[in-house]
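To keep things clear, I will list the structure first and then write my remarks on it.
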Amino acid sequence: MTAVRLAQIGVGQWGKNLLRNFAELADLRWICDADETRLAQFAPRYPNARATTSVEDVLAADDVDAIVIATPVPTHYELARRALEAGKHAFVEKPPAMRGAEMEELCELAEERGLVLMPGHLLLYHPGVQKLKELVESGELGDVLCVYGNRQNLGTIRTHENALWSLGVHDLSVVLYLLDEEPSELVAHGNAFLTPGVEDVVFCFLRFPSGRIAHMHLSWLDPHKMRKITVVGREKMAVFDDMELEHKITIYDKAPEQSTRTHGEWQTRTGAKVSPNIPNTEPLRLECEHFLALVRGEGDARRTTRDGLVVVRALEQLQASLEAVTA
Ligand SMILES: NC(=O)c1ccc[n+]([C@@H]2O[C@H](COP(=O)([O-])OP(=O)(O)OC[C@H]3O[C@@H](n4cnc5c(N)ncnc54)[C@H](O)[C@@H]3O)[C@@H](O)[C@H]2O)c1
């Protein structure tokens, strides 16, 4: 199997993790960062790759099949568009664009040119989230009624990006992936307590055409450190708790029941609580492998790109709702 020839633009706090994985899994040809000091820090670790501060060098390089973009969010759309226009597959950190229309343009460009455009929704590659998806799809939980996410902590306090864009993008990608449906109603409320214009606490509500609902509590101003997704089904309920070291998934055999014995009055059933084993594989590794597989023509590239599109559309609508309410 020929290794995918790869370039990476942006080797900052998060980019260095992508670089470590891609350097092991692919044929890393170029490292690019506008910051010379950063570049000088990484270039010696990857002597087979060429280092540059210019994006132009990477876009023009004949020896590059795919580009990994790990720069700040406002730069994603422009860089992704230019990568696709240059005929390169693109992995773009989340979210690849800040507006639905821009993301649609990127999707169309990728599809027209037969290129992969993969958004970096890391949580989708978490074995815990994969298990939730399996539980939903297999029908084990019964009809899914509602899903909610808790992503709270005290810190890290951001000053450029609000809690919706910084934290919510993760939960949103999971909620939309699990329900496999685009929401028809999206409402967000929040407040900027610390930095003017940057909401620290955000509550989001989503309603879907099927009648299912979802909620997300996003905050860096909270006493609890929570990284949790709860799925309530008609037959069973499941929780993915990423703060748990071993029992990341718990399935509760709990449900409401309406029995003829009680003349139709609601009662509840509480059965066993089960914590299935899930693989310990690093989600980032799986994410990088998925991108390279798509580039090699394996898997559903269109689906991966379209999953990213619904996330950007939802983010845009939630942001508009947040602004309308806080204005
Ligand atoms: N998936 C995750 O869990 C996760 C976690 C953290 C960050 N991220 C995402 O990763 C991306 C990068 O975040 P970060 O924390 O590494 O940011 P960062 O600021 O630490 O690094 C960004 C790097 O990009 C470089 N850069 C900026 N514009 C450039 C350009 N035009 N050309 C070349 N280089 C350029 C900067 O010099 C910097 O080194 C963001 O999109 C962020 O949302 C994802």
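Indexing begins at 1, ligand by ligand and atom by atom, following the structure's order.
Assignment of His170 to the shell around ligand 1 is supported, since a heavy atom sits closer than 4.0 Å. Using 4.0 Å as the threshold, Lys16 has no heavy atom nearer than that to any atom of ligand 1.
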### Task
Apply side chain to side chain contact (heavy atoms under 4.5 Å, CB included) to the pair Glu111 and Arg302, showing each step before the final yes or no.
CA-CA 7 Å; Glu111 280 164 22; Arg302 189 172 187 276; 3.4 Å; yes
### Residue pair Arg45, Leu19: steps toward the side chain to side chain contact (heavy atoms under 4.5 Å, CB included) verdict
CA-CA 11 Å; Arg45 292 189 209 169; Leu19 192 62; over 6 Å; no
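A 4.5 Å side-chain heavy-atom check between Leu164 and Gln319 finds at least one atom pair inside the cut-off.
In this structure, atom 12 (C) of ligand 1 lies nearest to the protein heavy atom Ala70 O, 3.4 Å. The protein atom (non-hydrogen) at minimum distance from atom 15 (O) of ligand 1 is Gln13 CB, 3.6 Å. Nearest to atom 21 (O) of ligand 1 among the protein's heavy atoms is Gly12 CA, 3.3 Å. With respect to atom 7 (C) of ligand 1, the closest heavy atom belonging to the protein is Trp14 CB, 3.4 Å. Among protein heavy atoms, atom 37 (O) of ligand 1 sits closest to Asp33 OD1, 2.6 Å. Closest to atom 35 (C) of ligand 1, if we only count protein heavy atoms, is Thr71 CG2, 3.5 Å.
Not a single protein heavy atom sits closer than 4.0 Å to atom 17 (O) of ligand 1.
Every atom of ligand 1 with a heavy atom of Val55 under 4.0 Å away is listed here by number and element: 32 (N). Every atom of ligand 1 with a heavy atom of Gly10 under 4.0 Å away is listed here by number and element: 24 (O). Close approach to Leu122 involves these atoms of ligand 1, each under 4.0 Å from a residue heavy atom: 1 (N), 3 (O). Less than 4.0 angstrom separates some heavy atom of Gly15 from each of these atoms of ligand 1: 16 (O). If you number the atoms of ligand 1 from 1 as listed, the ones under 4.0 Å from a heavy atom of Asp35 come out as 37 (O). Which parts of ligand 1 touch Ile9 is read off a 4.0 Å heavy-atom cut-off, strictly below it: atoms 32 (N), 33 (C). Shown in contact with Val73 at under 4.0 Å from a heavy atom are these atoms of ligand 1, numbered in order with element: 41 (O), 43 (O).
Residue Leu123 is grouped with residue Leu284 when hydrophobic side chains (ILVMFWY) are merged at heavy-atom distances under 4.5 angstrom, including chains of intermediate members. One hydrophobic cluster, built from ILVMFWY side chains closer than 4.5 Å, holds both Tyr177 and Phe91.
Annotation for Arg269: atom CZ counts as buried by contact number, over 12 foreign heavy atoms lying within 6.0 Å.
At a 3.5 angstrom cut-off on N or O pairs, Thr75 does not count as close to ligand 1. For ligand 1, the polar-atom distance check against His76 finds a nitrogen or oxygen pair separated by under 3.5 Å. Checked against a 3.5 angstrom limit, the closest N/O atoms of Ala34 and ligand 1 fall inside it.
Of the listed residues (Glu36, Glu93, His121, Glu161), the one carrying the non-hydrogen atom nearest atom 9 (C) of ligand 1 is Glu93.
Put simply, the residue from Asp241, Asp242, Asn277 that forms a side-chain hydrogen bond (donor to acceptor under 3.5 Å, both in side chains) with Lys248 is Asp242.
Between His189 and Phe203, the distance from one ring center to the other does not fall under 6.0 angstrom.
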